[in-house]
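Notes follow the structure.
All values below were derived from every heavy atom in this structure, side-chain atoms included, with hydrogens, water molecules and symmetry-related copies excluded. Just follow the structure's listing: the first ligand is 1, and inside any ligand the first atom is 1.
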Amino acid sequence: VPVALPEFQLLRPRTLGEAVEMLARSGGSAGDGVKIIAGGTDLLPSLKQWLFTPRYLLDIQRVAGLTEFRWQPGEGLWLGAMTRVQRIATDDLIGREFAVLAEAAATIASPVLRNMGTLGGNLCLDTRCVWYNQSYLWRQSCGFCIKKDGSVCHVAPSGRRCWAAFSADMPPALLALEAEIEIASAGGLRRMRLAEFYTGKGEARIRLAADELVTRVLIPARSAGMRGRYRKLRVRGSIDYPLAGVAVVLRRENGHFAEGRVALTAVNPAPVLVSGIDDLLARAEPDKTEWVEEVVRRSNATAKPLTTSALTPDYRREIVKIYVRRALNECCGADHKEPA
Ligand SMILES: Cc1cc2nc3c(=O)[nH]c(=O)nc-3n(C[C@H](O)[C@H](O)[C@H](O)COP(=O)(O)OP(=O)(O)OC[C@H]3O[C@@H](n4cnc5c(N)ncnc54)[C@H](O)[C@@H]3O)c2cc1C
Ligand code: SF4
């Protein structure tokens with residue numbers, strides 16, 4: 001019975017070139033080839049549960065350049081994939097210009113895990129499910145499931161796919177800020193909008209080829225200075241993954257709303273932007289509550305929680321509505337009244 005860590009070889013590149021070459025040479029991250037390890041705060045518990053049995057771990061902690069933290073005027077803020085969560089939660093510039101991200105980072109896990117956990121690991125976090133994030137023996141007793149070692153989904157038994165929930169806190173904040181990511185392979189670098197990075201599939205959550213890794217994130221300068229709020233539901237306030245998370249950003253100019261976005265996490269297999277908010281804001285009367293209720297309605301329609309988590313889908317759905325309403329009202333700094 002597998003009770004200890006599976007055996008693996010540790011690869012420790014010093015440069016990005018070495019890292020992508022090792023990744024390609026050792027079979028890539030598909031199947032049981034290589035697993036990239038950054039802070040290891042999520043990967044190591046998963047290895048102990050035998051959710052992965054890779055032949056190699058590619059430790060990117062020493063790779064030069066992955067801790068970049070640079071404000072580039074006219075372009076935005078570049079953050080290396082190895083930027084620690086704690087830095088993002090406490091940095092003055094981020095707190096001032098991208099408040100929603102600082103708030104989201106501050107809710108992640110616990111102080112020790114925030115010191116170790118990284119931005120790249122958070123963006124690439126595995127999806128979570130009460131039937132999956134368990135010991136080998138526990139999973140074996142249920143006959144395993146589609147995501148690992150089995151053929152049935154206990155959440156949606158008639159289907160053939162995995163609905164595990166994407167449960168990281170920073171991606172919704174970064175979606176709301178219209179962030180981009182940079183990805184490296186032996187073939188070079190490419191950039192994509194973060195909104196295109198997630199697949200919506202619990203079993204294959206991100207659009208990253210087997211020989212690629214995430215190197216940097218760009219938060220565009222045009223998103224600086226927006227009002228922002230992050231609200232999160234969790235069982236233990238001191239240390240827990242989100243069971244529902246809501247990121248809201250809003251910009252007010254000349255008494256009107258110039259732009260705004262709402263993104264959700266932990267209620268779908270991907271973090272998602274609620275669509276159509278800008279159109280609503282263009283028509284919104286800032287002192288009325290109708291538009292707020294319409295955003296709440298659209299957010300509720302976007303959230304599709306299933307029985308993947310400790311709290312029921314109905315409860316998590318209600319909480320999304322409440323958190324979106326509260327976060328919007330706080331961002332408005334206006335006098336919208338919450339309906340009883
Ligand atoms: C008790 C506990 C509570 C937690 N609570 C929260 C929480 O509230 N909110 C939350 O969001 N997270 C939470 N986490 C998860 C985790 O601590 C954070 O998400 C952290 O930011 C992950 O970063 P890491 O560097 O440790 O990732 P790792 O564990 O090193 O990696 C995570 C995944 O990302 C991949 N990966 C890492 N870096 C890269 C890269 N540069 N390119 C490509 N793939 C990469 C790894 O291969 C792995 O699949 C919790 C973990 C624990 C153990
Ligand atoms: S959603 Fe289904 S397939 Fe996916 S981890 Fe949960 S039980 Fe397994």
Side-chain angles (χ1 to χ4, degrees), residues 16 19-20 23 29 34-48 51-52 54 57-61 63 66 80-86 88-89 104-110 112-134 139 142-157 159-173 181-184 197 201-203 205-206 208-209 212-217 232-243 245 265-266 269 271 306-309:
L16 187 57
V20 290
L23 194 54
S29 57
V34 196
K35 268 278 171 196
I36 295 165
I37 181 162
T41 59
D42 194 73
L43 187 68
L44 283 172
S46 300
L47 287 176
K48 286 183 186 165
L51 294 173
F52 308 106
L57 283 194
L58 183 78
D59 177 1
I60 58 172
Q61 294 207 65
V63 173
L66 291 187
M82 282 303 298
T83 308
R84 305 285 173 179
V85 177
Q86 182 67 3
I88 295 172
T107 70
I108 291 176
S110 64
V112 172
L113 292 168
R114 286 197 290 278
N115 280 335
M116 203 62 200
T118 66
L119 174 60
N122 199 248
L123 292 179
C124 300
L125 199 68
D126 194 13
T127 52
R128 296 184 63 78
C129 174
V130 282
W131 297 93
Y132 170 74
N133 296 96
Q134 304 286 355
R139 290 184 290 116
C142 306
F144 301 105
C145 75
I146 290 176
K147 190 166 179 197
K148 178 74 182 152
D149 298 329
S151 56
V152 175
C153 171
H154 303 290
V155 168
R160 299 293 316 147
R161 54 169 292 195
C162 168
W163 296 95
F166 184 81
S167 307
D169 287 300
M170 285 195 281
I181 57 170
E182 183 189 76
I183 291 169
F197 186 52
K201 294 178 191 161
E203 72 281 19
R205 67 209 183 283
I206 48 180
L208 201 61
E212 289 181 323
L213 59 87
V214 175
T215 47
R216 296 192 293 175
V217 172
K232 164 174 176 176
L233 173 71
R234 53 187 152 175
V235 175
R236 298 167 297 182
S238 57
I239 174 172
D240 238 329
Y241 295 85
L243 299 178
T265 192
L306 294 172
T307 55
T308 51
S309 312

#### Entry: Test item: Ile37 and Leu44 side chains (from C-beta on) under 4.5 Å apart, heavy atoms
yes

### Message
Side chains of Tyr241 and Asn133: any donor to acceptor distance under 3.5 Å?
### Response
no

#### Entry: Option set Gly40, Ala168, Gly121, criterion heavy-atom distance to atom 30 (O) of ligand 1, minimum
Gly40

### Query
With backbone taken as N, CA, C and O and side chain as the heavy atoms from C-beta onward, which portion of Leu119 lies under 4.0 Å from ligand 1: side chain, backbone, both, or neither?
neither

### Summary
for atom 8 (O) of ligand 1, nearest protein heavy atom and its distance come out as Asp240 O, 2.5 Å

### Query
Any side-chain heavy-atom pair from Leu119 and Met170 closer than 4.5 angstrom?
yes

### Task
Please write down residue, atom name and distance for the protein heavy atom closest to atom 2 (C) of ligand 1.
Leu113 CD1, 3.6 Å

### Task
Let me know which of Thr41, Asn122, Ile88 forms a side-chain contact (heavy atoms from CB on, under 4.5 Å) with Ile108.
Asn122

### Message
Residue-level breakdown please: for Ala38 versus ligand 1, do any non-hydrogen atoms fall below 4.0 Å on the side chain, on the backbone, on both, or on neither?
### Response
both

### Query
Is there a side-chain contact between Val155 and Cys162 (heavy atoms, below 4.5 Å)?
no

### Task
Using modelled atom types only, decide if a donor and an acceptor are shared between the side chain of Arg84 and the backbone of Gly117 within a distance under 3.5 Å.
no

#### Entry: Ile36 and ligand 1 - part of the residue with a heavy-atom distance under 4.0 Å
both

### Task
From the options Leu44, Asp126, Thr41, select the one whose nearest heavy atom is closest to atom 22 (C) of ligand 1.
Thr41

### Task
Could you tell me which non-hydrogen atom of Ala156 sits nearest to which non-hydrogen atom of Cys153, and how far apart they are?
N-SG, 3.2 Å

### Flag, side chain of His154 to backbone of Thr308, donor-acceptor distance under 3.5 Å
no

### Task
Could you tell me whether the side chain of Lys232 reaches within less than 4.5 Å of the side chain of Asp240, counting heavy atoms only?
no

### Query
Just by distance, with hydrogens left out, do Lys147 and Thr127 show a side-chain donor and acceptor under 3.5 Å apart?
yes

### Query
Between the side chain of Arg234 and the main-chain N/O of Thr107, is any donor-acceptor distance below 3.5 Å?
yes

#### Entry: Within-4.5 Å side-chain heavy-atom neighbours: Phe52 and Leu43
yes

### Message
Only heavy atoms of Lys35, strictly under 4.0 Å: list the atoms of ligand 1 that pass.
### Response
49 (O)

### Message
Please list the nearest protein heavy atom to atom 14 (N) of ligand 1 with its residue and the distance rounded to 0.1 Å.
### Response
Tyr241 CE2, 3.3 Å

### Query
Which ligand 1 atoms does Asp42 reach within 4.0 Å, using its non-hydrogen atoms?
15 (C), 29 (O)

### Task
Please indicate whether any nitrogen or oxygen in Leu43 is less than 3.5 Å from any nitrogen or oxygen in ligand 1.
yes

### Summary
Quick look: Lys232 vs ligand 1, heavy-atom contacts under 4.0 Å, and the answer is side chain

### Message
I'd like to know if the side chain of Arg205 reaches the main chain of Cys124, judged simply by a donor and an acceptor atom lying under 3.5 Å from each other, with no hydrogens or angles considered.
### Response
yes

### Message
Give the atom numbers and elements of ligand 1 that come within less than 4.0 Å of a heavy atom of Leu125.
### Response
15 (C), 19 (O)

### Query
Of the protein's non-hydrogen atoms, which lies at the shortest distance from atom 19 (O) of ligand 1, and what is that distance?
Asn122 ND2, 2.8 Å

### Message
Which residue and atom name correspond to the protein heavy atom nearest atom 6 (C) of ligand 1, and how close is it?
### Response
Ala109 N, 3.6 Å

### Task
Could you check if a side-chain atom of Met82 sits within less than 4.5 angstrom of a side-chain atom of Ile60, using non-hydrogen atoms only?
yes

## Note on the structure
In ligand 1, the atoms that come under 4.0 Å of a heavy atom of Thr107 are 8 (O)

### Task
Provide the number and element of each atom of ligand 1 under 4.0 Å from a heavy atom of Arg205.
49 (O)

### Task
Starting from atom 21 (O) of ligand 1, find the nearest protein heavy-atom neighbour and note its residue, name and distance.
Thr118 O, 3.1 Å

#### Entry: For Gly39, the ligand 1 atoms whose distance to one of its heavy atoms is below 4.0 Å
24 (P), 25 (O), 26 (O), 30 (O)

### Query
Hey, does the side chain of Thr265 reach the backbone of Ala168 with a donor-acceptor pair shorter than 3.5 angstrom?
yes

### Task
Decide yes or no for Ile206 and Leu123: does some side-chain heavy atom of the first lie under 4.5 Å from some side-chain heavy atom of the second?
no

### Query
Based purely on interatomic distance, does Val214 place a nitrogen or oxygen under 3.5 Å from a nitrogen or oxygen of ligand 1?
yes

### Query
Taking the non-hydrogen atoms of Gln61, is any one of them nearer than 4.0 angstrom to ligand 1?
no

### Query
Considering only heavy atoms of Leu208, which atoms of ligand 1 have at least one such atom less than 4.0 Å away?
43 (C)

### Message
Please work out, at 4.0 Å between heavy atoms, whether the side chain, the backbone, both, or neither of Val85 comes within that distance of ligand 1.
### Response
side chain

### Task
Please list, in chain and residue-number order, the protein N/O/S atoms closer than 2.8 Å to atom 6 (Fe) of ligand 2.
Cys129 SG

### Message
I need the contact type for Ile239 against ligand 1. Using non-hydrogen atoms and a strict under-4.0 Å cut-off, is it side chain, backbone, both or neither?
### Response
side chain

### Heavy-atom side-chain contact between Pro269 and Arg161 under 4.5 Å
yes

## Note on the structure
Any heavy atom of Arg128 under 4.0 Å from ligand 1? The part involved is neither

### Task
Answer yes or no: does atom NZ of Lys148 have more than 12 heavy-atom neighbours from other residues, nucleotides or ligands under 6.0 Å?
yes

### Query
Quick one: nearest non-hydrogen protein atom to atom 9 (N) of ligand 1, plus distance?
Asp169 OD2, 2.6 Å

### Task
Please answer whether the main-chain N or O of Val85 pairs with a side-chain N or O of Arg114 as donor and acceptor at a distance below 3.5 Å.
no

### Query
Going by the order shown, which atoms of ligand 1 are within less than 4.0 Å of some heavy atom of Cys124?
33 (C), 34 (O), 35 (C), 36 (N), 43 (C), 44 (N), 45 (C)

